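Written below as structure tokens is the structure these notes are about.
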Amino acid sequence: MKVGEGDLISGSEVQVESVRRRLIPTVKWWHWALGLTLALCLVILAPRGKSLEFANLTEGSVSYSKIIAPFDFEILKSPADLKKERDAAVSQVLPVFIRDDSLSGIKRVQLKQLSSAALELLKSLDAAWLSAVLDTTRDWQTQEAQPFIDGTNRLFDRFGFRLSAEVWRALFGLYISDLRLQSDYFPKYFEFLDLTLVELYRNNIIKIEKGFASNSIDSLTVRQGSEEAAAPLDSVFSIESVLFHFEQNLAARLDTLALSVEAAAPTKEIIRLFLSPNLIYDEASTENRRQAALAQVPLAKGFVKRDELIIDSHIRITPEHLEKLNSLAQKRAEMSLERSGLTALSTYLGQILFALILVCVLWIFIALVRTPIWNEWKSMALLTAILLSWLIILIFLVVRLSMSVFLFPAAIGAMMIAILVDRGVALGAVVMAALAAGFLYSNDYQLVFLTLIIGGTSILALRRIERRGDVMRGAIYISAAYLLLAFTFHLSTGSAGAATLLNNIGFGIINATLTPILVLGFVPLCENLFRVSTELTLLELVDLNQPLLRELALKSPGTYHHSLMVGNLAEAAARAVGANFLLTRAGAYYHDIGKIGFKEYFIENQSTGSENVHDRLPPSRSAEIIISHISHGLALADKYKLPSSIKAFIREHHGKTRLAYFYAKAQRELGSSVREEAFRYLGPKPQMIETGLVMLADVVEAATRSLEQPTPEELKETVQRLMRTRLTEGDLDECPLTLRELSAVEKAFMQVLFGIYHQRIRYLDEESRVQTESLPLPVDGAGV
């Protein structure tokens with residue numbers, strides 16, 4: 001229990017200790033680890049080899065001082081121009097292919113081996129079966145064709161392919177014709193295949209189609225031995241195109257061999273088996289030539305001599321001025337890096353100090369202003385992760401890809417920190433992120449200003465979240481802020497480009513529209529990863545259609561009604577003291593879920609006049625059952641995956657209070673041998689304001705419900721007595737509620753209870769009405 005401001009406290013030592021804790025917060029090892037990690041990442045992300053000397057000068061702004069070149073330097077090309085020239089240079093490099101002429105010889109040898117193997121197989125056929133085929137021209141594609149099946153398998157083992165039945169029919173037909181006519185069709189056919197391979201391999205054959213490399217080239221570089229030449233694309237063919245041209249005059253060629261057209265398909269199949277690309281892509285040589293072409297592109301497009309005037313004072317800055325200034329800044333940064341000693345380390349030292357100052361200011365702000373967040377390592381780790389992700393996105397979009405600053409999602413990080421951590425912390429994080437953004441992006445005041453305004457606006461849009469639509473509503477606020485900033489930047493820089501203004505407005509609206517959608521997508525991921533609960537999660541939990549609440553209503557209706565009433569009382573108290581009322585209501589709804597399945601043991605579920613089961617149980621057993629509703633509740637919370645913040649209400653809403661009734665009953669029955677620990681809850685005592693409010697609302701609701709027709713005085717006396725008892729017995733010792741806040745809690749409880757138990761005017765009969773006509777009417781509804 002913390003003493004409120006303005007309350008009387010005794011002892012100067014207590015005052016000194018209180019002030020010391022407030023001004024010097026506890027710093028743990030993970031504070032150092034997270035802070036140093038954030039600072040280190042800032043230094044790593046900081047620009048290298050680039051001076052920020054002229055970062056405040058932008059196109060359209062006015063230079064108020066004369067700038068003269070202190071030394072000779074080259075005018076570097078802009079990144080866009082340099083990329084364009086490099087792309088053009090690379091596109092002129094022809095892909096290199098190596099022609100393998102030995103492939104033709106290898107495939108011809110394999111074809112000869114196939115001819116010998118096939119002929120050997122045909123000669124090994126059974127003589128009787130072969131004679132029958134010769135005499136009767138029987139169809140060999142029956143079960144008697146087993147020799148060819150075996151031969152096909154042997155060919156596969158040797159060559160890695162199988163001949164189809166159509167090919168075997170053609171070869172068998174040639175062999176039979178040679179036996180019948182004493183001719184040489186079979187060897188001549190394979191000679192024809194061999195000559196065909198020689199002819200086809202004269203072509204340039206590649207594995208893929210012509211347009212694979214680039215649409216801008218019309219030839220390839222073909223290297224053959226030590227010589228190379230350019231081959232037009234129309235002289236390069238794929239295997240399919242080579243076979244297509246071969247098939248065009250195949251029938252005529254077969255006719256010269258006295259073979260029928262039926263041999264065309266088997267011939268094409270055999271040729272396909274021995275046809276492979278003879279142009280092999282040389283990726284290493286191609287890449288080396290591309291790199292050489294890139295190296296030939298000059299980085300500079302001009303030269304500035306020492307003492308040459310770069311820009312005069314009161315002159316509007318043009319793109320040409322910026323090219324010279326940026327080149328001067330980069331040259332100066334490179335010269336600084338080339339120096340030795342402390343001068344070379346000055347840039348790094350300045351970046352390290354800047355990062356440390358930023359992180360320290362944010363850390364001190366959180367420690368002094370948002371101490372509960374400072375003491376919770378999950379919240380600090382989540383804050384660090386969001387900040388780092390935020391800045392990495394900045395580097396990727398704005399610095400690396402050179403996109404408009406209006407595409408930087410300045411609102412995403414602010415909204416996620418506000419939802420997942422705290423709104424006050426989010427405001428401090430926005431300031432820190434804005435300064436870091438300027439540090440990482442050449443001290444650009446537009447980016448700093450945009451991050452501050454957009455981040456602050458997004459936090460303002462989330463001042464109250466009672467449904468998911470409240471997050472989507474933020475798109476309206478952020479769009480308006482982007483629109484205002486676009487016009488402000490347009491007017492302040494003196495730029496006359498309407499296209500730039502329209503682009504910025506469009507980028508801002510797109511950014512504002514996507515931000516709430518991305519936030520709603522990333523928040524559940526962070527909740528699961530860091531095991532935290534947000535207001536969005538709590539909104540789902542207080543829905544009375546939740547399965548666990550429906551189960552509570554069906555199996556323990558009295559407890560269900562009690563939980564709803566506790567929720568009303570606790571929420572009113574939370575609003576009165578500025579606590580998280582949504583968390584308080586959710587915790588109140590689930591604090592007694594452990595009573596599911598044990599309703600007959602709790603008085604709120606017992607019917608009037610029914611037997612109390614505890615009358616038949618020893619007091620120790622009754623106490624054990626009642627205390628066990630905490631462990632049962634935690635088990636159900638794990639089963640239904642309730643967040644840890646809700647489990648805290650289950651554990652802490654009774655603290656370490658004693659079951660006074662059953663303890664007294666046990667003392668009457670057993671005397672002094674009763675162990676008090678068996679009749680106390682295990683705790684812990686309430687650690688948060690919200691769990692303390694639910695503890696108070698729980699006992700107040702139970703006690704006032706047992707009163708018959710209570711008067712306002714009785715209600716007030718009961719509430720004061722119960723709160724005083726909890727306070728004097730030390731149940732709130734670990735809860736950060738102050739005495740002043742307890743007074744506000746009492747008033748909030750009374751307002752709710754008066755609304756529930758308000759007295760009504762008793763309707764009188766006619767005789768009583770006549771007798772009381774002379775009585776004065778109630779004033780301002782008194783007595784209603």
Side-chain angles (χ1 to χ4, degrees), residues 362 382-383 385-399 401 403-438 440-441 444-493 499-527 534-536 539:
L362 179 62
L382 182 56
L383 170 65
I386 295 175
L387 278 174
L388 286 178
S389 302
W390 203 5
L391 297 175
I392 289 173
I393 291 173
L394 165 69
I395 292 293
F396 180 74
L397 291 180
V398 181
V399 180
L401 300 182
M403 292 185 176
S404 170
V405 294
F406 281 79
L407 282 176
F408 171 51
I412 288 183
M415 294 180 77
M416 291 192 64
I417 295 174
I419 293 173
L420 292 164
V421 183
D422 178 76
R423 289 181 181 84
V425 172
L427 184 59
V430 165
V431 176
M432 184 263 192
L435 296 174
L440 297 176
Y441 189 55
D444 189 340
Y445 80 95
Q446 289 190 356
L447 181 58
V448 175
F449 193 67
L450 182 142
T451 305
L452 282 173
I453 299 302
I454 299 301
T457 302
S458 64
I459 296 173
L460 177 64
L462 295 178
R463 64 188 183 277
R464 188 175 184 182
I465 302 179
E466 294 185 352
R467 58 186 64 87
R468 291 186 181 270
D470 294 335
V471 179
M472 297 301 300
R473 187 185 61 236
I476 301 175
Y477 292 85
I478 300 171
S479 296
Y482 272 120
L483 187 64
L484 176 62
L485 288 174
F487 278 104
T488 301
F489 292 164
H490 179 73
L491 297 174
S492 64
T493 57
T500 302
L501 173 63
L502 293 177
N503 284 338
N504 289 340
I505 293 175
F507 291 152
I509 293 176
I510 293 173
N511 202 337
T513 304
L514 293 178
T515 291
I517 299 174
L518 294 175
V519 167
L520 289 176
F522 284 125
V523 163
L525 179 64
C526 293
E527 286 180 320
T534 66
E535 291 180 340
L536 298 177
L539 283 172

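Values below: every heavy atom of this structure, side chains too, minus hydrogens, waters and symmetry copies. Note that the coordinates shown come from a computational prediction; the quantities given were computed from them, not determined experimentally.
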Original post:
When you look at Tyr482 and Ile509, which way does the side chain to side chain contact (heavy atoms under 4.5 Å, CB included) test go after all the steps?
Top reply: CA-CA 7 Å; Tyr482 272 120; Ile509 293 176; 6.0 Å; no
Original post:
Yes or no on side chain to side chain contact (heavy atoms under 4.5 Å, CB included) for Met472 and Leu520, after CA distance, side-chain angles and deciding distance?
Top reply: CA-CA 9 Å; Met472 297 301 300; Leu520 289 176; 3.7 Å; yes
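- If you take CG on Leu484 and CD1 on Ile505, they are separated by 11.0 Å, rounding to the nearest 0.5 Å.
- Applying the salt bridge (charged side-chain N to carboxylate O under 4.0 Å, His left out) rule to pairs touching residues 446-456 yields nothing, sequence neighbours excluded.
- Applying the salt bridge (charged side-chain N to carboxylate O under 4.0 Å, His left out) definition to pairs two or more places apart or across chains, those involving residues 419-428 are Arg370-Asp422, Arg423-Glu535.
- Residue pairs meeting the side-chain hydrogen bond (donor to acceptor under 3.5 Å, both in side chains) criterion with at least one member in residues 447-460: none, sequence neighbours excluded.
- Sorted by first and then second residue, the side-chain hydrogen bond (donor to acceptor under 3.5 Å, both in side chains) pairs involving residues 410-419 (not counting sequence neighbours) form an empty list.
- Residues in residues 474-488 take part in no salt bridge (charged side-chain N to carboxylate O under 4.0 Å, His left out) pair, two or more places apart or across chains.
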Review item, side-chain donor-acceptor pairs of residues 385-396, under 3.5 Å, at least two apart:
from, atom 1, to, atom 2, distance (Å)
Ser389, OG, Ala385, O, 2.9
Trp390, NE1, Pro409, O, 3.2

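- In this structure, the separation between CE on Met416 and OG1 on Thr515 is 11.5 Å, given to the nearest 0.5 Å.
- Rounding to the nearest 0.5 angstrom, the gap separating the CG atom in Leu460 from the CD1 atom in Ile478 is 10.5 Å.
- With contacts defined as side-chain heavy-atom distances shorter than 4.5 Å, the pair Phe489/Leu501 does not qualify.
- Interatomic distance, CG of Leu397 versus CG of Leu407, reported as 7.0 Å (0.5 Å rounding).
- For Ser404, the side chain to side chain donor-acceptor pair (under 3.5 Å) test picks out Asn504, with sequence neighbours left out.
- Looking at heavy atoms from C-beta onward, Asn511 lies out of side-chain contact with Phe406 at the 4.5 angstrom threshold.
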